[in-house]
Protein chains: 2
Amino acid sequence: MKTEDVDAVRQLPLFQDARKETFAKIMRGVLLQRFPPGVTLITESDTADFLHVVVDGLVEMFATHGGRETTLSLVRPVGTFILAAVLTDQVYLQSARTVLKSRLLMIPAAHVRAAMGTDEGFTRAVVAELARGYRCTIKEVKNQKLRSGAERLANWLLQESARSGAGAAVELDVEKRKLAALLGMTPENLSRAFSTLRDYGVTSVGPAIRIGEPEALAAFARPNPLIDGPE
Amino acid sequence: MKTEDVDAVRQLPLFQDARKETFAKIMRGVLLQRFPPGVTLITESDTADFLHVVVDGLVEMFATHGGRETTLSLVRPVGTFILAAVLTDQVYLQSARTVLKSRLLMIPAAHVRAAMGTDEGFTRAVVAELARGYRCTIKEVKNQKLRSGAERLANWLLQESARSGAGAAVELDVEKRKLAALLGMTPENLSRAFSTLRDYGVTSVGPAIRIGEPEALAAFARPNPLIDGPE
DNA sequence: CGCGAGATTGATGGTAATCAACGAACGTGG
DNA sequence: CCACGTTCGTTGATTACCATCAATCTCGCG
């Protein structure tokens with residue numbers, strides 16, 4: 001692994017406050033690997049071997065049941081996934097696959113568990129990350145149970161606009177079918193939700209979305225920091 | 001606070017492995033309080049002041065948005081709630097109210113945060129509890145997105161039967177309207193879901209449910225340890 | 001140019017929400 | 001002890017939303 005990569009990893013929120021020795025110990029046996037799009041990284045019900053960090057690219061978390069599949073979340077740099085399974089040494093509840101060409105840091109689960117308890121700074125970072133993920137998931141349940149499909153799309157657009165900093169012009173970096181699954185609907189219904197939002201100034205050409213009247217869209221979406229916040 | 005209560009608290013998973021001093025420190029300023037049914041304990045968007053532990057009784061976690069309300073979970077003894085908000089010193093994402101007469105242990109949030117890092121055993125217990133809650137919530141999202149209403153009810157019945165150890169006779173300890181909200185449907189639809197399950201041997205008289213043909217019900221429900229497990 | 005994957009649109013059926021009415025259970029006060 | 005009111009649960013009718021199936025369209029690519 002290159003020195004510059006090691007330095008980049010050192011800057012990750014998870015490791016910033018870790019002691020030098022802890023970091024060095026964790027880095028032994030670590031893998032920093034590139035993957036093409038569409039590669040399955042982990043599969044639900046497998047035992048947790050590695051903590052994964054998305055250094056670059058985009059990863060989709062998904063789950064299946066009885067022939068159906070749904071997207072649970074998208075993990076962007078610099079995010080981690082399956083931390084909970086790693087910490088408690090249990091099986092994965094989710095599967096993961098790359099959406100774009102991605103670079104992933106893979107840390108042996110045993111190293112993470114060993115580092116906890118010996119390093120307060122690292123432990124705090126782990127707890128913070130775990131709590132963040134937990135709260136995001138609770139928001140997701142509220143989003144699902146308290147809003148309609150079109151409302152979820154409207155709020156997703158507002159959030160995405162804020163996140164990417166692109167203002168009124170939002171560019172999708174995932175297929176619409178994945179967005180549909182993420183929002184808990186079928187691709188067909190996503191199309192219809194988009195045409196519903198035309199009444200509130202949302203227009204789209206392929207993956208390029210324009211939010212023509214942000215106030216009108218927000219009035220329809222009724223965003224709520226207790227559901228939408230990026231945390 | 002009585003000695004026997006202190007001893008009982010000491011036995012909680014969260015404190016079992018804590019050092020003596022840590023436990024003593026946390027216990028200063030702790031409240032062990034009784035509440036009648038229907039009391040609102042915390043409200044979403046309030047800042048996290050106390051970590052709550054349900055010592056006895058039953059607590060409902062719920063959330064509201066735009067005039068709607070949904071039940072997110074039921075917390076039974078000996079469970080905690082809003083641990084994530086306490087650890088990261090943020091606002092609650094959920095509200096809580098007692099369903100039954102309950103006894104609650106309330107630990108000042110600052111004490112919990114202070115104890116972390118100085119006590120490895122306690123920290124591990126906190127992390128374990130946090131990870132458990134996280135995983136339960138992920139299961140809940142999968143439950144919502146991958147199953148129909150009747151399937152959610154069927155699986156809930158099977159799980160409840162296993163949890164309470166009552167075998168084929170399940171006794172509801174919450175109103176059906178709350179169960180409906182927990183399962184993500186209206187009370188009317190819960191009624192209809194129950195009549196759907198009659199075809200699979202489920203009969204009910206008031207709050208007393210009988211699972212007449214467990215195999216038939218399971219065949220319909222298709223339980224999945226990656227969704228249903230009690231964790 | 002032709003192919004294939006994804007996106008869209010239309011038609012249809014099913015599931016769930018809503019509105020309304022009725023009935024049972026319980027508690028209160030007469 | 002009973003009349004009454006309230007709350008909860010159930011049932012029916014209706015509507016809205018969403019899933020499914022099918023067909024067409026678009027775009028990128030060989």
Side-chain angles (χ1 to χ4, degrees), chain A residues 37-38 60 64-71 97 99-100 143-154 156-157 170-199 202-210 220-221, chain B residues 36-38 60 64-71 97 99-100 143-157 170-199 202-210 220-221:
Chain A
E60 173 197 12
T64 56
H65 173 68
R68 292 160 171 269
E69 172 178 324
T70 192
T71 301
R97 69 167 75 96
V99 177
L100 308 174
N143 194 30
Q144 283 295 325
K145 290 178 79 173
L146 292 169
R147 294 213 266 231
S148 71
E151 284 176 326
R152 290 196 295 275
L153 173 58
W156 187 87
L157 287 173
V170 173
E171 181 81 15
L172 298 182
D173 52 3
V174 292
E175 296 167 336
K176 285 191 179 170
R177 50 178 49 233
K178 273 197 206 313
L179 176 58
L182 179 66
L183 296 175
M185 51 178 124
T186 58
E188 294 94 326
N189 264 327
L190 178 64
S191 267
R192 287 169 186 128
F194 265 114
S195 48
T196 300
L197 296 191
R198 255 203 307 268
D199 299 345
V202 175
T203 52
S204 61
V205 183
I209 321 280
R210 243 189 65 79
F220 172 80
Chain B
E60 174 196 11
T64 56
H65 173 69
R68 292 160 172 270
E69 172 179 323
T70 191
T71 301
R97 71 166 75 96
V99 177
L100 308 174
N143 194 31
Q144 283 295 323
K145 289 178 80 173
L146 293 169
R147 295 212 267 231
S148 72
E151 284 176 327
R152 289 196 294 275
L153 173 59
N155 281 289
W156 186 87
L157 287 173
V170 172
E171 182 80 15
L172 298 183
D173 51 4
V174 293
E175 295 167 337
K176 284 192 178 169
R177 51 177 50 231
K178 274 199 206 310
L179 176 58
L182 179 66
L183 296 175
M185 50 177 126
T186 58
E188 294 95 324
N189 265 327
L190 179 63
S191 266
R192 290 174 185 125
F194 266 114
S195 48
T196 299
L197 297 189
R198 253 203 306 269
D199 299 346
V202 175
T203 52
S204 61
V205 183
I209 322 278
R210 243 189 64 81
F220 171 81

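Computed over heavy atoms, backbone and side chain alike; hydrogens, waters and symmetry mates excluded. Letters go in sequence order (proteins before strands), and every chain restarts at 1. Only a predicted model underlies this, so the values are computations on that prediction, with no experimental measurement involved.
Of all heavy-atom pairs spanning A/Glu60 and A/Thr71, the tightest one is OE2-OG1, 2.6 Å. Listed here is the closest heavy atom pair of A/Ser204 and A/Lys176: OG-NZ, 4.2 Å. Of all heavy-atom pairs spanning B/Asp173 and B/Leu100, the tightest one is O-CD2, 4.0 Å. Between B/Ala193 and B/Leu153 the shortest heavy-atom distance is CB-CD2, 3.7 Å. Scanning both residues, A/Pro187 and A/Arg177, for their nearest heavy atoms gives CG-CB, 4.1 Å. Between B/Arg152 and B/Arg147, the closest heavy-atom pair is NH1-O, 2.9 Å.
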| request: Could you please spell out the steps behind the salt bridge (charged side-chain N to carboxylate O under 4.0 Å, His left out) verdict for A/Arg68 and B/Glu151? | output: CA-CA 14 Å; A/Arg68 292 160 171 269; B/Glu151 284 176 327; over 6 Å; no
| task | Could you please spell out the steps behind the side-chain contact (heavy atoms from CB on, under 4.5 Å) verdict for A/Trp156 and A/Asn143? | result | CA-CA 10 Å; A/Trp156 187 87; A/Asn143 194 30; over 6 Å; no
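The structure places CE of B/Met185 at 8.0 Å from OG of B/Ser148, a figure rounded to the nearest 0.5 Å. For the atom pair CG (B/Leu157) and CZ (B/Phe220), the distance works out to 10.5 Å, reported to the nearest 0.5 Å. Atoms CG and OG1, on B/Leu182 and B/Thr70 in that order, are 8.0 Å from each other to the nearest 0.5 Å.
Axis angle across the helix from C/dC1-D/dG30 to C/dG30-D/dC1, with five pairs used at each end and values rounded to 10°: 20°.
Judged by distance alone, the side chain of B/Lys145 and the main-chain N or O of A/Ala181 form a donor-acceptor pair under 3.5 Å.
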Quick one: which protein N/O atoms are closer than 3.5 Å to N/O atoms of nucleotides 24-26 of chain C? Pair and distance per line, please.
none

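By the salt bridge (charged side-chain N to carboxylate O under 4.0 Å, His left out) test, B/Glu171 is found to be paired with no residue, residues two or more places apart in sequence or in another chain being considered.
Using a 4.0 Å cut-off on heavy atoms, none of the residues of residues 172-183 of chain A approach DNA chain D.
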| task | Heavy atoms under 4.0 Å is the rule here; annotate nucleotides 12-18 of chain C 5' to 3' with B where the base is hit, S where only the sugar-phosphate is, and - elsewhere. | result | ----SBB
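Nucleotides of DNA chain D with any atom under 4.0 Å from a heavy atom of chain A span, from 5' to 3', D/dC18 to D/dC21.
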